[in-house]
Enquirer: 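Structure incoming, see below.
Quick caveat, the model's predicted, so the values are computed rather than measured.
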Amino acid sequence: MNPSRKPLIAGNWKMHRTVSESVALARAVADTSRIGPRTEVVVAPVFTALQAVAQALVGTRVTVAGQNVYFEEQGAFTGEISAPMLKDVGCAWSLVGHSERRQLFGETDASVQKKLFALRKHGLAPIACLGETLAEREGGVTYDVLRRQLDAMTASLDAQEATALLTGLVLAYEPVWAIGTGRTAKSSDAQSAHAFLRDRIRDRYGEVADTVRILYGGSVKPDNAAELLAQPDVDGVLVGGASLDAAGFARIIQAAG
Ligand code: 13P
């Protein structure tokens with residue numbers, strides 16, 4: 001971590017937990033975690049539980065994210081949820097471009113960009129996910145993939161627009177081969193990928209790169225969080241499975257200081 005950026009610890013609950021179970025988990029996270037003075041904590045429950053969880057967390061230091069969003073505001077888009085709707089139920093954030101959305105639900109680099117615009121327009125903070133698959137890593141194209149996914153977020157924007165989009169943006173580097181596999185990236189590999197992303201932003205747009213927080217995600221556990229968070233360009237973590245256990249998630253939060 002770099003002291004110029006606030007640590008961010010995010011839990012992605014994926015498609016787990018009923019409404020009452022989600023509220024209980026959220027309360028347990030808020031009650032048991034000792035959150036450092038500069039640390040931000042976010043949880044992303046299923047859509048059906050967002051409102052109840054957001055209400056349960058009012059007055060705590062834990063905020064709420066959607067796991068996905070659609071870029072239109074309203075209309076004939078069966079099954080989708082818009083940014084104003086996320087805001088309406090108390091979300092401050094939304095994930096976009098998670099690899100499960102990209103792989104299973106046809107999310108593209110272009111739709112990720114539209115979702116970023118929609119979130120920003122409505123005052124929600126995006127957590128924009130990117131990362132290479134195992135085949136891409138083994139094929140030696142990790143950095144080409146990261147460059148493509150990152151550049152797509154600012155495609156066709158002029159420098160001023162790109163800088164506005166990037167200011168304070170949260171990226172989550174999640175190597176697909178590390179998600180849910182127990183195979184965490186080595187902290188040095190995570191650092192290299194994060195530094196690559198930050199350098200790419202700095203090369204193209206300058207100092208705004210230092211305002212971008214880059215989270216690592218992929219089999220983050222209480223036992224490996226501290227080492228990952230010790231890397232200078234790892235500004236937080238995006239936790240899947242281990243965020244479903246309040247005590248374990250509290251240990252991860254503690255690792256941020
Ligand atoms: P796991 O922590 O279960 O590997 O999931 C990571 C992830 O996809 C978070 O968004």
Side-chain angles (χ1 to χ4, degrees), residues 1-10 12 36-44 61-71 73 82-84 86-87 90-98 101 107-131 143 146-174 190-191 193-217 229 231-238 256-257:
M1 291 186 292
N2 176 310
S4 70
R5 293 181 289 271
K6 286 186 186 169
L8 175 59
I9 308 297
N12 174 9
R38 299 183 65 248
T39 303
E40 293 185 329
V41 179
V42 182
V43 294
R61 293 193 44 218
V62 182
T63 54
V64 180
Q67 296 178 12
N68 183 32
V69 65
Y70 193 56
F71 48 78
E73 291 181 14
S82 70
L86 289 181
K87 198 169 176 185
C91 290
W93 305 81
S94 181
L95 305 183
V96 286
H98 192 280
R101 301 296 322 170
E107 184 87 277
T108 63
D109 289 340
S111 62
V112 168
Q113 188 191 42
K114 289 186 188 170
K115 291 176 178 196
L116 290 175
F117 294 165
L119 289 169
R120 276 292 167 84
K121 180 174 174 197
H122 294 282
L124 288 156
I127 299 174
C129 307
L130 70 183
Y143 292 118
L146 295 183
R147 190 187 302 110
R148 189 202 78 222
Q149 292 177 335
L150 177 65
D151 288 1
M153 295 180 194
T154 53
S156 77
L157 300 185
D158 65 28
Q160 197 179 350
E161 291 164 335
T163 302
L165 183 84
L166 290 164
T167 301
L169 184 69
V170 176
L171 297 175
Y173 169 60
E174 297 205 306
Q191 168 57 27
H194 287 218
F196 172 83
L197 291 167
R198 198 180 308 285
D199 287 347
R200 175 78 183 158
I201 297 171
R202 190 178 289 107
D203 287 349
R204 300 185 75 199
Y205 304 112
E207 288 175 3
V208 69
D210 295 316
T211 75
V212 176
R213 284 184 287 182
I214 309 178
L215 315 184
Y216 168 80
L229 289 164
Q231 304 303 312
D233 287 293
V234 176
D235 304 308
V237 285
L238 177 54

Enquirer: Between Leu169 and Pro126, what is the shortest heavy-atom contact and its length?
Expert: CD1-CG, 3.9 Å
Enquirer: I would like to know whether Leu124 and Leu86 meet side chain to side chain contact (heavy atoms under 4.5 Å, CB included); could you show each step before the answer?
Expert: CA-CA 9 Å; Leu124 288 156; Leu86 289 181; 4.2 Å; yes
Enquirer: Quick check: do Ile9 and Glu40 have side-chain heavy atoms less than 4.5 Å from each other?
Expert: no
Enquirer: Return the set of residues passing ring-ring contact (aromatic ring centres under 6.0 Å, His included) with His98 (not counting sequence neighbours), or none when no residue passes.
Expert: none
Enquirer: Is the backbone of Leu130 close enough, under 3.5 Å, to the side chain of Glu174 for a donor and an acceptor to pair up by distance?
Expert: no
Enquirer: Measuring from atom CD of Gln149 to atom CG of Leu197, what distance do you get when rounded to the nearest 0.5 angstrom?
Expert: 9.0 Å
Enquirer: Is a donor from one side chain sitting under 3.5 angstrom from an acceptor on the other, for Gln191 and Asp233?
Expert: yes
Enquirer: Mind listing the closest non-hydrogen atom pair of Val212 and Leu166 along with its distance?
Expert: CG2-O, 3.4 Å
Enquirer: Output yes when Asp199 and Arg202 qualify as a salt bridge under the 4.0 Å nitrogen-oxygen rule, no when they do not.
Expert: yes
Enquirer: Quick test of your reading of the model: are Glu73 and Lys121 salt-bridged, counting only N-O distances below 4.0 Å?
Expert: yes
Enquirer: Could you give the distance from CG (Asp210) to CG (Asn2), rounded to the nearest 0.5 Å?
Expert: 7.5 Å
Enquirer: Tell me whether Asp235 is salt-bridged to Lys6, with the criterion being a basic N under 4.0 Å from an acidic carboxylate O.
Expert: no
Enquirer: Indicate yes or no for a side-chain donor-acceptor contact from Gln113 to the backbone of Ala155 under 3.5 Å, with no hydrogens or angles considered.
Expert: yes
Enquirer: Hey, are the side chains of Leu146 and Phe196 touching, using non-hydrogen atoms and a 4.5 Å cut-off?
Expert: yes
Enquirer: Taking atom CG of Asp203 and atom CZ of Arg147, what is their separation to the nearest 0.5 Å?
Expert: 10.0 Å
Enquirer: Between Arg213 (side chain only) and Gly168 (backbone N and O only), is there a donor and an acceptor less than 3.5 Å apart?
Expert: no
Enquirer: Can you list the steps and then say if Thr163 with Thr154 is a side chain to side chain contact (heavy atoms under 4.5 Å, CB included)?
Expert: CA-CA 9 Å; Thr163 302; Thr154 53; over 6 Å; no
Enquirer: Is the shortest side-chain heavy-atom distance between Val237 and Leu229 below 4.5 Å?
Expert: yes
Enquirer: Side chains of Leu95 and Leu238, heavy atoms from C-beta outward: is any pair under 4.5 Å?
Expert: yes
Enquirer: Using side chain to side chain contact (heavy atoms under 4.5 Å, CB included), reason through Ile214 and Val234 one step at a time and then give a plain yes or no.
Expert: CA-CA 6 Å; Ile214 309 178; Val234 176; over 6 Å; no
Enquirer: Does Leu8 reach the side chain of Thr39, with side-chain heavy atoms less than 4.5 Å apart?
Expert: no
Enquirer: Side-chain contact test, heavy atoms from C-beta onward, threshold under 4.5 Å: evaluate it for Asp109 versus Met153 and give yes or no.
Expert: no
Enquirer: Is there a donor-acceptor contact under 3.5 Å from the side chain of Ser94 to the main chain of Ile127?
Expert: no
Enquirer: Distance check, rounded to the nearest 0.5 Å: Glu207 atom CD versus Thr167 atom OG1?
Expert: 11.0 Å
Enquirer: For Val64 versus Val42, what's the shortest heavy-atom pair and its separation?
Expert: C-CG1, 4.2 Å
Enquirer: Which pair of non-hydrogen atoms, one from Arg5 and one from Thr211, has the smallest distance, and what is that distance?
Expert: CD-C, 4.5 Å
Enquirer: Rounded at 0.5 Å granularity, tell me how far NZ in Lys115 sits from CD in Glu107.
Expert: 3.5 Å
Enquirer: Write down the atom of Cys91, the atom of Gly66, and the distance for their closest heavy-atom approach.
Expert: SG-N, 3.8 Å
Enquirer: Check whether Arg101 reaches the backbone of Asn68 with its side chain - one donor and one acceptor, N or O, closer than 3.5 Å.
Expert: no
Enquirer: Test your reading of the model: is there a side-chain donor-acceptor pair from Gln67 to the backbone of Ala44, 3.5 Å cut-off?
Expert: yes
Enquirer: Check whether any side-chain heavy atom of Arg120 lies under 4.5 Å from a side-chain heavy atom of Leu165, and answer yes or no.
Expert: yes
Enquirer: Mark yes or no for whether Arg204, through its side chain, and Ala159, through its backbone, hold a donor-acceptor pair below 3.5 Å.
Expert: no
Enquirer: Over 60° means perpendicular and under 30° means parallel, so tell me whether His194 and Tyr173 are parallel, tilted or perpendicular.
Expert: perpendicular
Enquirer: If every non-hydrogen atom of Thr63 is compared with every non-hydrogen atom of Trp93, which pair is closest and at what distance?
Expert: OG1-NE1, 3.0 Å
Enquirer: Going by atom types alone, do Tyr70 and Ser111 pair a side-chain donor with an acceptor below 3.5 Å?
Expert: no
Enquirer: Measure the spacing between CZ of Phe117 and CD of Glu161 and express it to the nearest 0.5 Å.
Expert: 7.5 Å
Enquirer: Could you tell me which residues satisfy ring-ring contact (aromatic ring centres under 6.0 Å, His included) with Phe71, sequence neighbours excluded, listed by chain and number?
Expert: none
